[in-house]
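Input: a single structure, listed below in structure tokens.
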Amino acid sequence: MAHIKFFEQVNKNFDKAVDYLPHPPGILEQIRNCNSVYHVTFPLMRDGGKVEVLHAWRAEHSHHKLPTKGGIRYAMNVNEDEVMALAALMTYKCAIVDVPFGGAKGGVRINGRQYSKHELERVTRRFTFELIRKSFIGPGIDVPAPDYGTGAREMSWIVDTYNAMTENDVNAFACVTGKPIPQGGVRGRTEATGRGVFFGVREACEFADDMKRVGLEKGLEGKKVVVQGLGNVGYHAAKFIQEGGGIIVGLAEYEGAIYNPAGMDVEAVVKHRKNSGSILGFPGAKDLKASLEALELPCDILVPAALENQITMDNVDRIQAKIIAEAANGPVTADAGDALQEKGAIILPDMYLNAGGVTVSYFEWLKNLSHVRFGRMTKRFEEDINKKILKTIEDATGKKVSGSLLDRISRGPEEEDLVNSGLEETMINSYNQIREIREEYKKENMPLRTAAFICAINKIANSYQDLGIFP
Ligand code: GLU
């Protein structure tokens, strides 16, 4: 397979939206470009004393809103093109879900599985130090988050290093999101991207007309689903989709894939993989040694939740799913996307579908700046009001509300309830914004991705205009 330039792919998709936009070419060029890229190399002393030189990048794609925002990934295919593409996707993603940030992304070229915890800690702290030195991190500058190969643990090393290096910054905890709760994290962040994928898929399935077009019934219930990747995003997406009534018929990881048309329990598969060290050999399921073959399994919904460029011109003809739900960033190349669109499939684009992570990162950042847990000021007050309302209803009707129901409806919201409902509202609202644009151009068979770009570019162009940069 020829090397696919990822940033070029993103811009190819961007260009498809340009014909529908009224903005002058200058403003579109400014939006399209990646504003700044920092490439740094630094030495890592391995546990045995050997020294290795690592390459790392941070790209800030757009500064129309600050801070810029986006994850840091640890993977062997990290390179400049990739971080620029992913930073661009972050810009559009934030605009779509009305998160007031510019887009950024970072990465270290390293296979995290081959390094000890102490080595990874040294890598993370050193990279953070390099970012501080060049002003590529800060609560109002650029705020990293977890991505492929990183998680809450790495984020707590980042915040600790930032705290140690900066003085008297009361907002220092807002320098990174996806932190553990005691380190200023917000409840619900870990699950947020996967939960957002579920909300997006469920909403898309709610439109009977759209489902009819691809030969499916309305609703997620009973739909057969294949998920590629059981990392944080894939695992949570699969889990919530299963809880929402979808049937998980296929699951893929890097060591292989499993298939059972009758459905598999996600938790049981995860347990099996933990115990045996492999996804293969799950009772009742058929093994596929070539992991990529999972993408070609018969199903209604395919959720690529691993890395970019998974569905290409090489395998697109064999994809059977009617709905491709892009939980990963860039899993379908631009050409393969066109081919799927022609076949009549629906692609739920990454820049919308996986925006749940950054949405809840925004909530975490707000929490860090306000220095108070969501719900702390209002929970008990709301509970008291709810109890008074219920008491009034009981007095007026002469009927009693049962104990368990009383508890359920009078309960004031916890932080996690607020985060999850804020996320649900965002995902539903944003889908409807994109779908409405798509409906305007229905006759032209506009893909949802182009509609998503139109939605994002309009918002970004407006903010440049508000800044007075363009007439
Ligand atoms: N890495 C995630 C993404 O690609 C989250 C970014 C963030 O929360 O800043 O959307």
Side-chain angles (χ1 to χ4, degrees), residues 6 10 57-62 65-75 78 82-108 112 131 136-152 154-155 158-159 173-179 184-186 188-197 199-200 229 231-234 236-237 304-308 325-331 348-368 419 422-423 426-427 430 452 456:
F6 192 5
V10 174
W57 288 264
R58 183 79 184 167
E60 291 173 357
H61 172 263
S62 178
K65 297 223 173 200
L66 286 173
T68 52
K69 188 87 192 75
I72 291 183
R73 61 171 55 184
Y74 289 176
V78 166
E82 188 194 55
V83 288
M84 283 163 71
L86 293 166
L89 285 175
M90 285 306 306
T91 295
Y92 307 126
K93 204 183 286 191
C94 290
I96 287 168
V97 289
D98 293 315
V99 163
F101 296 147
K105 194 67 129 209
V108 182
L131 293 175
F136 265 78
I137 185 171
I141 301 172
D142 186 353
V143 180
D147 201 271
Y148 187 91
T150 61
E154 283 72 18
M155 302 308 114
I158 293 176
V159 75
F173 275 89
C175 77
V176 64
T177 59
K179 302 177 292 288
V186 75
R189 174 63 185 86
T190 308
E191 307 87 320
T193 313
R195 196 187 287 274
V197 168
F199 288 142
N232 182 43
V233 178
H236 284 109
L307 285 170
E308 58 267 20
E326 293 187 330
N329 290 307
L348 303 175
D350 48 5
M351 51 208 258
Y352 157 68
L353 194 68
N354 68 28
V358 77
T359 301
V360 175
S361 276
Y362 172 46
F363 299 158
E364 181 176 332
W365 183 78
L366 291 174
K367 176 187 182 181
N368 295 150
V419 164
L423 172 63
T426 304
M427 294 308 293
S430 300

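Start at 1 and go down the list; that is how both ligands and their atoms are numbered. All values reported here derive from a predicted model rather than from experimental measurement.
Taking Lys105 as the reference, Asp147 meet the side chain to side chain donor-acceptor pair (under 3.5 Å) condition, with sequence neighbours excluded. Shown here are the side chain to side chain donor-acceptor pair (under 3.5 Å) partners of Ser361, two or more places apart in sequence or in another chain: Thr177, Arg189. Checked against side chain to side chain donor-acceptor pair (under 3.5 Å), Glu154 has no partners two or more places apart in sequence or in another chain.
Looking at Thr193 and Asn354, their side chains never bring a donor and an acceptor atom within 3.5 Å of each other.
Taking every heavy atom of both residues into account, Ile141 and Ile137 meet most closely at CD1-O, 3.7 Å.
A side-chain donor-acceptor contact under 3.5 Å links Lys179 to the backbone of Phe173.
Closer than 4.0 angstrom to ligand 1 lie heavy atoms from Lys69, Gly70, Gly71, Met90, Lys93, Lys105, Ala145, Pro146, Asp147, Arg189, Asn329, Gly357, Val358, Ser361.
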